[in-house]
Amino acid sequence: SIQKELHRMRVVTKTQVENIAIKREKMTSTDTDKAPDFMVALRPHTVWEKTPVKLFCTVDGHPRPIVKWLEVCMVSDTAEYSAVATNSHGSTTSKASVIVKSESLSLSLSLSLSLSLSLSLSLSLKYFKLEITMLDRFGVSFGTEGVFENILQMLSMFLRSPLNNHEVLDKVLLFRKLAEIKVGGGAATLTLPHLAKDDEGLYTLRMWTKDGTTEHSAYLFVKDAAPSVAGAPGAPISVKAFDINSDYVLVAWKPPNTTNEAAITGYFVDKRESGSATWSQCNDAPVQICKYPVHGLNVGHAYHFRVRAVNSAGISRPSRESDKVTALDPAERERLQVIKLDGKHEVVIKDDDLEGYVTLPGEPTDMHASEIFKSYIVLSWKPPSPRGRAPLWYIIEKSVSGTGAWQRINTAVKLQSPRYPVFDLDAGKKYQFRVYSENLYGASEASKPTDPIEKVDEHGVPSAPGQVVATRNTKSSVFVQWDPPKHPNHLMGYYIDASLVGSKTWAPCNHKPYKNTRFLVHGLTPGETYVFRVQAVNVYGLSDESQESTPIAVEPALKRGVEYATPSAPHGITMLSCDGASMIIAWNSPKHRGGSKINAYYVDKRDADSLAWKEVNSAPTKTRTYTVDGLTEGTFYEFKVQAGNLAGVGVPSAPSTPLKCEAWTSAVPGPAYDLAFREVRGDSLVILWKAPVYTGASAVTGYIVEMAKKGHHYHPLNEEAIGHCYLQVTGLEAGAEYTFKVKAVNAEGVGKASQTSEPVFAKALPGTQEIQCGVDEDTGDIFLSFEACEISETSNFAWSKNYKEISDCTRVSIETKGKHSKLTFVNPDVSDLGAFSVHVTDTDGVSASHTVTEDALNTMLELSYNIRHPIVPLKHQLNYEVLEKGHVRFWLQCLKMSPAVNYRFIVNDKEVTSSDVGSHKISHDVNTGVIQMTVDHFSKASEATYTVQIHDGRAKNQSSLVLVGDVFKAALKEAEFQRSEHIRKQGPHFAEYLSYHVDDDCTVLLVCKVANVKKETVFHWFKDEEEIVPETPPNVMSGSVALPISLFSRKDQGHYKAKLSDDRGKDTSVLSVGVLVKVLSVGVVVKSLPLLFLSGSSASELVLQCTPEGIRLQCYMKYYTEEIRTAWLHKDSKISSSEKMRIAGTAEMAWMQIREPSEKEKGHYSIQIMDATKSHTRTFDLSGQDRGRVVGGLPDVVTIMEQKTLSLTCTVWGDPSPEVTWFKNENEVVSTEHAKITLEANKFASLTITAVTSEDSGKYSINVRNKYGGEFVEITVSTPSPTPSLRSPAKSPTPTPKSPTPPRRVKSPSPARSLKSPTPPRK
């Protein structure tokens, strides 16, 4: 039983565990002496109060170490715990902190990017309000690798509490090899004893209470230490070990920045065992990527790794060593089980010990390449199951793809991990690999081979980053941002370099790859001008440098709580109007508005002949037009404008051209202004402008837009003035440069041209997308959606209708998230028709438009209605079909259907269900979408209108079928027929009704197939209600019955019936068969003519036969009777039978005899044979000069005594000369010494027989023929003999001529005809 088997397994397991423990103890006793080492170190924990926590570690060493636990108490259970392992060869310690959180003050320091440390302080105090004020803060710090740095410290902080006596801590709260934190005396200090580039990053000190948090952050920069060899690269960064296995790890790192050094050609990876100071190099040749698989490790040993970079100058200093990793099987713990013995003790065993008596391992699975590079590939697979009852290792084989030849590749290595790196593969070849698992009992079957693998670098370095923009930040820092590369190829980060303008020397701004696309560069020299560049980094190395940024001077930007950059200078200052004492001027927005929205403009002026500038507006203006008052008429003025934002006032614009203060009195309008471009594409754009301030003598009625391609003159784009302030320009040349001017028009004429627009190139921004118009599939809302190809932190999406900005409009709602903006219509109608556009501010012209037409709106409204009022889509409407037993199935099919669908069948306004007396069976199938109802008893009462109503979630639909009148009668008739057919088939019945088949020998077979018969079933044949008893009784058990009728003729036509019966019932089949053709007034109607099909189609060509009376034309066919209609023609004239030309036939042929032919009988003869469907014609030409014939000389009978000589001689004639053939008893006579044949002068023919015997008696004949015909003459020769032995041939000795007369029975190639009897009438 199962209980006994489980008990047996527990006993066996317990014994095995004891034996394993003894063996391991013996093995341990023979191990090499070893100092203690923590294979798995203690891990820190942060828990809430009253939560249990368990600390554990794994220790190795020989003799077995003794472990002691120590606690360095802080507050309550918050403490640092230590495990000290000691044996005769030394001791080692592993530490971990346990932090208990409570409702009191907590303090932590978090180090982002490279270092993450946490600290918590708990006090057993009642809740009170605690205020923290930072009196001093640490700033941006700069360090050098390998230097002891006490760099991040809060010199002082003030804590205010209502308690007079609270504990003040002044001790080391957290200590690690790489970092030391000290809090006390109102200050917090972080010390990094062994500084490395890995420590570079943003450090944050955060203090929090229940009333809130206080924090401060600053960046730590760490530069490379001096190289060991001049020109050697810096040390690699962030060395980590991944994919750790029993004898394999994958080491990865990040490449250093090589600003001024030669390019890196490769890396060396070193390892050392934990507890040892000796490093060993892992790779003989430098690896060219930032990953390397290290194999051949000792199971259970702990290792550290480091990396050195190589270039043409030498080898770098080693990187910081990685954290300790232990070579262990990661799946080892998953193969452990805990078994309770006697309900008290727990024993941990491996799954391997429970595999029973399986000794051989199974084959590994899922073999594939987990790493593919030009330098190497790494093979990975899943371990086998079962593993066998012995230690396991692996054997790997490779094969060049397509060859089928396998070669072992780890001959000298005993693999214990399901990982293996392969280095020595030929470039350009594809390989396949397979793996075996093996133990001391043998090897498994090979795994499934991998797909073909080629040693290639799949990606390569990233492409260069995009545009680099630098803006001011502080007196010693600059804010740099850039576009990411188009091809990141698994990007790790970026390196930023800076260079003084005019200098060719570049200096690194960061020494560890930075992941974001914006960076604050510190440590710059105030007042100097710099340019910046960026490189992208991945596992293959560094990309090409980006283009340099525009030069920027290091100057401070205004701080108002948040650091921002100021705007760039406005441009395009122009005059819009002048009255002689004031001017209205306008300008264009700055190209860069800095880090925040522009909220102020300041205008300065001066006389054109003066150098002193005067402030125009002390209070800022937010618009880009301004009225400058207090001017002197006739004086020329220059203006400049500055823009301001939260960061401060930007640089001033360049001075405008001198503008004369002179009153405008022109009747035509002034210039339009503020020309802008939207939706710039390769062949089109949209230009916008603002109406002129000065309108002239009358209102502005329209605008003329002029355009000039670079190097060409301006020409107008519109012949008639347009009434709105925008124009779509098409037909541009892709990539060409254009400028534009706009002129306003009023009743007086065309006004002054606007200031020339800035040059614009007919080229779309990379990644430009258009506005998408659609209907939300869930809500039915009609929307316009746009996704920007680029965006900045300060960008906004500005939507317009007919290029007028939409603001506070209740007809639409706008939602923006990231690069995506969506405009949704609220109750859309014809008032929402028009051109909708969107542009993204603070970009290089990201914009698009979409015109909503009436047709498109109607289509979307219909779709919206369908979504908001959904219907269940139908593939097939309600239909019916009659089933086998006369049941009627009503069904429809949905395109899709959920399991929660509801439906009901309604018949004449009354719902029916499956429970209605069992007469209705209703069901559905979600997979096929079919809903059906089967009516078992379909009768006259079933005449009705059938309807199915469907509800599926919010969707619904219905379909109806009107089954009344003639349609219902046809369905009822079909149902009753199927019902009767079902009843008929319960007993013996005809599976196939009577039909006929005509064999090649013209036998008509009446055939039928029967089913559901037994030995007692009786079968009868009837013709015209009279039973036919065939010679062979029908065998119904064979399933097929046949009645043969030989040489079917008129007497055989009639009504044939087959009857089948036994005690279960009976069945009848009827077939009418005939050969006559009934002629009606409208044509010929053939009911059943089985043999006529074989007559004409099997007819041979006409042949000529000579007879004593004359000549005979013969046509052979399979079957011939007088009922077959034939017609003989001579020279296309019909021949009637007469003494001269007699027409007759036999069962095998039709013939016409011409007695004593003369010249007038010469000519073309033909016979027409009409069967049931068409006419068949055969011809013969009798137009020759003279046929061959016997002129005379032969007797009819000859009697001659034996041993005498018989000579039969005659005269023959014909033109051309005929051929002569002699026959005896229808066999041709060959000339011999006994019977000699001669023909003299082609005229005298003779047959001479010497020494006649009784054997020479018989029927002799001579056949004389040429191409126009011939004849033959018969002679009877008898020889008296004492014993009568005359041979009487059965047939008359009609000779067979040599001429190509066909044999009398010619097989027709036409197949036998067959016709089934009609289905019996339905009752």
Side-chain angles (χ1 to χ4, degrees), residues 882-886 974 977-1075 1086-1095 1097-1098 1118-1119 1121 1171-1173 1307-1323:
V882 180
L883 304 180
E884 181 180 5
K885 296 180 181 181
E974 178 69 17
F977 171 74
Q978 292 295 342
R979 193 178 299 119
S980 64
E981 280 290 282
H982 174 70
I983 296 172
R984 180 179 70 86
K985 292 179 181 179
Q986 301 309 304
H989 62 275
F990 288 94
E992 292 184 9
Y993 288 108
L994 277 177
S995 62
Y996 69 79
H997 175 75
V998 183
D999 287 345
D1000 290 341
D1001 60 356
C1002 295
T1003 298
V1004 176
L1005 288 176
L1006 301 182
V1007 295
C1008 61
K1009 290 186 179 181
V1010 297
N1012 198 17
V1013 296
K1014 57 183 180 178
K1015 292 182 179 180
E1016 292 78 14
T1017 302
V1018 179
F1019 190 94
H1020 296 281
W1021 288 102
F1022 297 89
K1023 178 193 174 191
D1024 296 332
E1025 301 302 331
E1026 294 183 5
E1027 186 173 359
I1028 302 173
V1029 181
E1031 295 179 0
T1032 304
N1035 180 13
V1036 295
M1037 299 304 294
S1038 66
S1040 179
V1041 181
L1043 176 65
I1045 305 175
S1046 301
L1047 300 177
F1048 190 92
S1049 63
R1050 181 184 297 172
K1051 65 182 179 64
D1052 297 309
Q1053 68 182 7
H1055 298 283
Y1056 288 84
K1057 180 169 66 176
K1059 188 175 182 181
L1060 190 66
S1061 64
D1062 60 21
D1063 57 350
R1064 297 169 297 165
K1066 63 181 180 180
D1067 199 9
T1068 303
S1069 178
V1070 179
L1071 177 65
S1072 296
V1073 184
V1075 296
V1086 180
K1087 185 176 183 183
S1088 181
L1089 303 169
L1091 298 178
L1092 296 185
F1093 291 102
L1094 295 174
S1095 303
S1097 61
S1098 65
K1118 283 191 174 183
Y1119 179 74
T1121 66
D1171 63 15
T1173 58
K1307 295 289 184 180
S1308 169
S1310 303
R1313 307 279 182 166
S1314 63
L1315 181 65
K1316 290 188 177 181
S1317 68
T1319 303
R1322 300 175 181 177
K1323 298 180 180 179

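- Between A1011 and A991, the shortest heavy-atom contact is CB-CB, 4.0 Å.
- Between R1064 and G987 the shortest heavy-atom distance is CB-CA, 4.0 Å.
- The closest side-chain heavy-atom distance from R984 to D1067 is below 4.5 Å.
- Within the model, atoms NZ of K885 and NZ of K985 stand 12.5 Å from one another, a figure rounded to the nearest 0.5 Å.
- Counting only distance, with no hydrogens or angles, the side chain of N1012 and the backbone of H989 share no donor-acceptor pair below 3.5 Å.
- Listed here is the closest heavy atom pair of V1007 and A1042: CG1-CB, 3.7 Å.
- Between K1059 and T1068, the shortest heavy-atom distance links the atoms CG-OG1, 4.1 Å.
- F990 approaches C1008 most closely through the heavy-atom pair CE2-SG, 3.6 Å.
- Taken to the nearest 0.5 Å, the CD1 atom of I1028 stands 9.0 Å off from the CZ atom of F1022.
- Contact annotation: the side chain of L883 never approaches that of H982 to less than 4.5 Å [non-hydrogen atoms, C-beta and beyond].
- Residue-environment remark: NZ (K1014) exceeds the threshold of 12 foreign heavy atoms within 6.0 Å.
- Applying the side chain to side chain donor-acceptor pair (under 3.5 Å) definition to pairs two or more places apart or across chains, those involving residues 1017-1029 are T1017-D1062, H1020-E1027, E1025-K1057.
- Distance check, rounded to the nearest 0.5 Å: CG of L1043 to OH of Y1056 gives 7.0 Å.
- For D1052, the salt bridge (Lys or Arg N to Asp or Glu O under 4.0 Å) test picks out no residue, with sequence neighbours left out.
- Residue L1060 comes nearest to V1036 through the heavy atom pair CD1-CG1, 4.0 Å, listed as atom of the first residue, atom of the second, then distance.
- A distance of 10.5 Å separates NZ of K1009 from OG of S1038, quoted to the nearest 0.5 Å.
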